[in-house]
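Notes follow the structure.
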Amino acid sequence: MANRLRRAHGQLAAVIEAVEGEAHCRDVVQQLSAVSKAIDRAGFLVISTALQECISDPDAEGATKPEELEKLFLSLA
């Protein structure tokens, strides 16, 4: 997951450079779209990992409750 976030970080840096360099709005929007997708994928990966842990050991101490996972998932939608 850290790799996904690093990729998003790099894409965000490219957006900032594009804005500062007064790039065409099309290029800025394309870069923003890429950043948004990368961050969304990282979020879904976090939730997916929590779901797998919840299924494999639902009674573990500190386990995320299904209702909370649902709220987290819907917050990304």
Side-chain angles (χ1 to χ4, degrees):
M1 180 175 70
N3 286 337
R4 289 180 189 269
L5 292 174
R6 282 189 195 94
R7 188 176 314 127
H9 184 265
Q11 291 168 328
L12 183 56
V15 170
I16 294 168
E17 285 181 31
V19 169
E20 290 175 344
E22 299 181 10
H24 192 278
C25 67
R26 175 184 57 246
D27 298 330
V28 173
V29 170
Q30 287 174 340
Q31 286 291 336
L32 281 172
S33 176
V35 171
S36 178
K37 287 178 185 176
I39 291 172
D40 286 347
R41 287 184 185 124
F44 286 124
L45 182 59
V46 169
I47 293 170
S48 172
T49 300
L51 280 171
Q52 290 172 359
E53 291 171 0
C54 183
I55 290 169
S56 66
D57 192 4
D59 297 324
E61 184 178 332
T64 308
K65 294 184 166 103
E67 300 83 20
E68 185 179 358
L69 287 171
E70 181 181 3
K71 286 180 183 178
L72 290 170
F73 178 80
L74 292 174
S75 74
L76 291 174

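Index from 1, following the sequence.
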Reported [atom1]-to-[atom2] distance for the pair [X] and [Y], which is rounded to 0.5 angstrom:
{"X": "E20", "Y": "E17", "atom1": "CD", "atom2": "CD", "answer": "7.5 Å"}
{"X": "H24", "Y": "R26", "atom1": "NE2", "atom2": "CZ", "answer": "4.5 Å"}
{"X": "D40", "Y": "K37", "atom1": "CG", "atom2": "NZ", "answer": "9.5 Å"}

Minimum heavy-atom separation for [X] to [Y], with atom names?
{"X": "A14", "Y": "Q31", "result": "CB-OE1, 3.7 Å"}
{"X": "A42", "Y": "L5", "result": "CB-CD2, 3.7 Å"}
{"X": "L69", "Y": "L51", "result": "CD1-CD2, 3.5 Å"}
{"X": "Q11", "Y": "A38", "result": "OE1-CB, 3.5 Å"}
{"X": "I39", "Y": "A8", "result": "CG1-CB, 3.9 Å"}

Is it the case that one hydrophobic cluster holds both [X] and [Y], taking links as side-chain heavy atoms less than 4.5 Å apart, direct or via other members?
{"X": "F44", "Y": "V46", "result": "no"}
{"X": "V35", "Y": "V19", "result": "yes"}
{"X": "L45", "Y": "I47", "result": "no"}

Worksheet item: Can you tell me if S56 uses its side chain to pair, donor with acceptor, with the backbone of Q52 under 3.5 Å?
Response: yes
Worksheet item: Can you find a pair of side-chain heavy atoms, one from D27 and one from Q30, that are under 4.5 Å apart?
Response: yes
Worksheet item: Does the side-chain contact (heavy atoms from CB on, under 4.5 Å) test come out yes or no for N3 and R6, once each step is laid out?
Response: CA-CA 5 Å; N3 286 337; R6 282 189 195 94; 3.3 Å; yes
Practice prompt. Carefully, step by step, assess E53 and D57 under the rule side-chain contact (heavy atoms from CB on, under 4.5 Å).
Written response: CA-CA 6 Å; E53 291 171 0; D57 192 4; over 6 Å; no
